[in-house]
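To start, the structure itself, in structure tokens.
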Protein chains: 2
Amino acid sequence: MMTSPTPRRRRDGTLRNDLVDAGVTLLRERGPDGLSLRECAAMAGVSHAAPSYHFKNIAGLATAIAARGFKLFCDAMTTRLDAASTAPQDRLNAICHGYLDFASEHPHLFLFIFSGQAFNEEDDDFSRHSTAAYAILRDTCGPFVPAGTAPEDIEILVWSLVHGYAHLTMTRKKDNPELVGSWPPLDALLKHLNKALETGG
Amino acid sequence: MMTSPTPRRRRDGTLRNDLVDAGVTLLRERGPDGLSLRECAAMAGVSHAAPSYHFKNIAGLATAIAARGFKLFCDAMTTRLDAASTAPQDRLNAICHGYLDFASEHPHLFLFIFSGQAFNEEDDDFSRHSTAAYAILRDTCGPFVPAGTAPEDIEILVWSLVHGYAHLTMTRKKDNPELVGSWPPLDALLKHLNKALETGG
DNA sequence: AACTTAACTTGACATTGTCAAGATAGGAAC
DNA sequence: GTTCCTATCTTGACAATGTCAAGTTAAGTT
């Protein structure tokens, strides 16, 4: 007999990563309720209880998946930022488009990380990437914060608008046949945002 | 023996309603993943398979719960509208506050109806109430639509901003200790919105 | 009084998350 | 090279869940 192609015991920690991969795939293929520890295990070619060594429970796996989501989220915004000029307005529009890129390309992960389910916020990976995402927002909004205004006022304004647009696009647009044809593009909203930040600044 | 206080067979359709009540309670007490057909049945005092007579499956119960959610959602906006003047700006701010009222008072239902899970959009109750919610938005935005602009441009702008704010408040604010203290009030964002709609009109 | 049917109940099955206990490989120690 | 150790799994069990099929009962109809 040949030796099995995947060694039965790996000492390199690849299983943990494979389980997250499997979880992401499951979410994509079966929707927000499709996550299953046992199926992730099966996909990774291990026994049903193997995940419990790497994750305390299914919430632990969910946190790891969410951490992956926030990482891809940062990547999407960074990619757009790298292609943008140094003009603040350009950079603001860039992260907004990056935000929407992420939601469009990974709708299952986007809905998952913003599902409201409790993740383990103390998890290193999770907090690192979710903090990084907010830092990108904060940096990009900086130039638009007028003196005497709290930075959060501008940050949450921008975040709310683009998040709401992305989230409604994913949750309500697709279900509402009347809206599909007339749904405005992101730029139609950014036009107003840019104006508000100009005159308000 | 006394006759049981709840008759074992009801012919008035109250069980269906009781099951939705139980589902709402379960969502509130156990979070977004806490819904269970068998527990709803137990709460309503019927056997574990009783719900299947009223709902095809758990997705059917979920749709009925979501319909209830959209109804409360409409109620929250209407309550604020009734207390507002006839000034368009007043009414716009009113529905935004109603939106946030609903999210604050029923966070579990708010997250549930915007969870991205597939509901049966052909369900009468569901489509009636979700359509009514959008109609309120449409009516209130009407006065702010400049000639030559698609109404949806304004509607989705307003909806995105308030939805994003409410949704982020429910999903990210509570988890992020750094943000809790500095989270701006809704009015801080509405100030910008009002200005954008003034000057843009 | 017999019949019909709406509104359930009972029982079974496969799937799930979780836990406890056992097994095994790969390296370290001697 | 044998013994031991420990990280990394496997096996087996259990209660809970959604779903289906079949049986039952009560409320009205005839």
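Residue numbers start from 1 in every chain, and the chains themselves are labelled A, B, ... in the order their sequence lines are given, proteins ahead of strands. Fair warning: this is a prediction, and the values are worked out from it, not measured in the lab. Computed over heavy atoms, backbone and side chain alike; hydrogens, waters and symmetry mates excluded.
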Pairwise 5' ranking along DNA chain C for A:Ala49 and A:Glu39, keeping only the more 5' one: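 Going by which nucleotide is closer to the 5' end, it is A:Glu39.
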Nearest whole angstrom, please: distance from the [atom2] of [N] to the [atom1] of [X].
| X | N | atom1 | atom2 | value |
| --- | --- | --- | --- | --- |
| A:Lys56 | D:dT8 | NZ | C1' | 20 Å |
| A:Asp33 | C:dG17 | CG | P | 12 Å |
| B:Asn57 | D:dT17 | CG | C1' | 14 Å |
| A:Leu61 | C:dT16 | CG | P | 14 Å |
| A:Leu19 | D:dC9 | CG | C1' | 12 Å |
| A:Leu35 | C:dT18 | CG | P | 11 Å |
| A:His54 | C:dT18 | NE2 | C1' | 17 Å |
| A:Ile58 | C:dC19 | CD1 | C1' | 15 Å |

Please pick, from [options], the nucleotide with the shortest atom-to-atom distance to any side-chain atom of [X].
| X | options | answer |
| --- | --- | --- |
| A:Leu15 | D:dC9, C:dC8, D:dG18 | D:dC9 |
| B:Val46 | C:dC8, C:dT18, D:dC9 | C:dC8 |
| B:Leu37 | D:dT10, D:dT19, C:dG17 | D:dT19 |

Touch class at under 4.0 angstrom, heavy-atom based, for B:His48 against every strand present: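 Touches a base.
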Close aromatic pair by centroid cut-off 6.0 Å: A:Phe110 and A:His106: no
First encountered from the 5' end of DNA chain D, between A:Gly45 and A:Arg38: A:Gly45
Short side-chain N/O contact from A:Tyr53 to OP1 or OP2 of D:dC9, under 4.0 Å: no
Short side-chain N/O contact to C:dG17 OP1/OP2 from A:Ser36, under 4.0 Å: yes
Side-chain donor/acceptor of A:Asn57 to backbone N/O of A:Gly60, under 3.5 Å: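 Yes.
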Donor-acceptor contact present, side-chain B:Asp125 to main-chain B:Arg128, <3.5 Å: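 No: the side chain of B:Asp125 does not pair with the backbone of B:Arg128.
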Nearest heavy-atom neighbours spanning A:Pro184 and B:Ile156: CD-CG1, 3.5 Å
Mutual orientation of the aromatic rings belonging to B:Phe114 and B:Phe70 [parallel < 30°, tilted 30-60°, perpendicular > 60°]: perpendicular
